[in-house]
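Read the structure below first, then the notes.
Naming: A, B, ... by sequence-line order, numbering from 1 per chain.
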Number of protein chains: 2
Amino acid sequence: MTKPPPPSEPLRPRLDQLLCFAIYAAGHAFNRVYKPLLDAIGLTYPQYLVMLALWEQDGETVGALGARLSLESSTLTPLLKRLEAMGHLTRARDTRDERVVRVRLTPQGQALREKAQSIPACILDATGLALPDLARLQQDITALTAHLEQASLVAGDGRS
Amino acid sequence: MTKPPPPSEPLRPRLDQLLCFAIYAAGHAFNRVYKPLLDAIGLTYPQYLVMLALWEQDGETVGALGARLSLESSTLTPLLKRLEAMGHLTRARDTRDERVVRVRLTPQGQALREKAQSIPACILDATGLALPDLARLQQDITALTAHLEQASLVAGDGRS
DNA sequence: TACGATTAAATCGTGCACGATATATCTCGC
DNA sequence: GCGAGATATATCGTGCACGATTTAATCGTA
């Protein structure tokens, strides 16, 4: 019943129908929920992600952290320096390969894990989702990310 | 069959299982796909979102734009000044209420819409999603955002 | 009309994020 | 062992994003 669009009609979705905008806005919304919780332990959201990564696996290199978090050294280096200045971790060149810097938790950084313990439950509650729905959504978004990453790699490969 | 956790076991999800991290990473991935497309028309991603908003509705105030994009004036003002310097829009105080600034597209800003025409299809392709799946995911994430926003409002209302 | 309260933008300081580049170290072929 | 290329991190400049504060205009009410 609806009039079929002419073949070369440009795609002009409304801002609030764009998936990328939904993701962008959800990121903002998550940040706002995390803010008061993280303020209480003195971390920003990206700093919290780094601490989560280190609590899961200590002693990683800057590059390995960057790969897990999709961040460049130009972002991580100053961020890690701030965490180091707070006393949560140390940064030291690997004695075997002095190119790489290993990031290690201090006892204070380990201890912070206990203070951050209640955060995930608060966030889960704020999402208003049941665990299975949350897991499904998480997987859908992760699959989307994988597709986008592949697309940007293919686009940038400069095939000749 | 699995051992039930003790009642006060802290929730310690892995970084790569966190919904917030999936959103964070998807935002990065979208940015990477958009980057080459937007470079071609000289916009950053947030600038593109502002232009999308204005193409949809011209002459909005800074505050109204901020509400649609969830951005503060402290973010928008310099961003809009950059777009103004590029010649895509004008910023002028409303003569009826001199507190508000109205943002209007220039002919150049209108014309940019044609150059940006092919972008949505490129992005759609990069997601690897069929339209119905994309719409569903978009709605799920929008609903999540609404929940998160409500939670952060309730948490911050200082009920006495 | 006059004045306190509210509203809208702008400004300031901090931190994240990227790309381009620099610097130091390592690896491989010889 | 030596030098060319590769690798890992750091540095620099630009722009986004926020909260706190400032400035200016408007509104309400006496």
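No side-chain donor-acceptor contact under 3.5 Å links E60(A) and Q57(A). In summary, the side chains of Q110(B) and T106(B) do not present any donor paired with an acceptor at a separation below 3.5 Å, with no hydrogens or angles considered.
Taking side-chain N and O atoms only, K81(B) has no distance below 4.0 Å to OP1 or OP2 of dG15(D). Distances shown here put every side-chain N or O of T77(A) at or beyond 4.0 Å from the OP1 or OP2 atom of dT11(D). Taking 4.0 angstrom as the limit, Y24(B) places a side-chain polar atom (N or O) nearer than this to OP1 or OP2 of dA17(C). Residue R91(A) has no polar side-chain atom (N or O) positioned under 4.0 Å from OP1 or OP2 of dT9(D).
In this structure, of dA9(C), dA25(D), dA10(D), it is dA25(D) that holds the atom nearest to the side chain of E98(B). Closest to the H28(A) side chain, of the nucleotides dT9(D), dC18(C), dA17(D), is dA17(D).
Taking the six-membered ring where tryptophan is involved, the planes of Y48(A) and W55(A) are perpendicular, since the angle between them exceeds 60° and thus also 30°.
Along DNA chain D, the nucleotide nearest R32(A) and the nucleotide nearest R102(A) are compared for position; the residue whose nucleotide lies closer to the 5' end is R102(A). If P46(A) and K35(B) are placed on DNA chain C by their nearest nucleotide, the residue sitting closer to the 5' end is P46(A).
D58(A) places a side-chain N or O within donor-acceptor distance of the main-chain N or O of L105(A), the cut-off being under 3.5 Å.
Rounded to an integer number of Å, the gap from CG of L80(B) to P of dG15(D) is 14 Å. If you take CG of D94(B) and P of dA10(C), they are 13 Å apart, rounded to a whole angstrom. Rounded to whole angstrom, the span from the CG atom of D39(A) across to the C1' atom of dG19(D) amounts to 10 Å. In this structure, Y45(B) atom OH and dA17(D) atom C1' are separated by 15 Å, rounded to whole Å. Spacing between atom CZ of R99(A) and atom C1' of dT7(D) amounts to 5 Å, rounded to whole angstrom units. If you take CG of D97(A) and C1' of dA6(D), they are 12 Å apart, rounded to a whole angstrom. Per the geometry, CZ belonging to R93(B) stands 14 Å off P belonging to dT23(D), to the nearest Å. In this structure, E84(A) places its CD atom 14 Å from C1' of dT9(D), rounding to the nearest Å.
Judged by distance alone, with hydrogens and angles left aside, S74(B) brings no side-chain donor or acceptor close enough to the base of dA17(D) to form a pair under 3.5 Å.
Within the nucleic acid shown, T44(B) comes within 4.0 Å of sugar-phosphate atoms alone, with no base atom in reach, counting heavy atoms only. At the heavy-atom level, L76(B) lies nowhere under 4.0 Å from the strands shown.
Remark: L69(A) CG to H28(B) NE2 distance equals 9.0 Å, nearest 0.5 Å.
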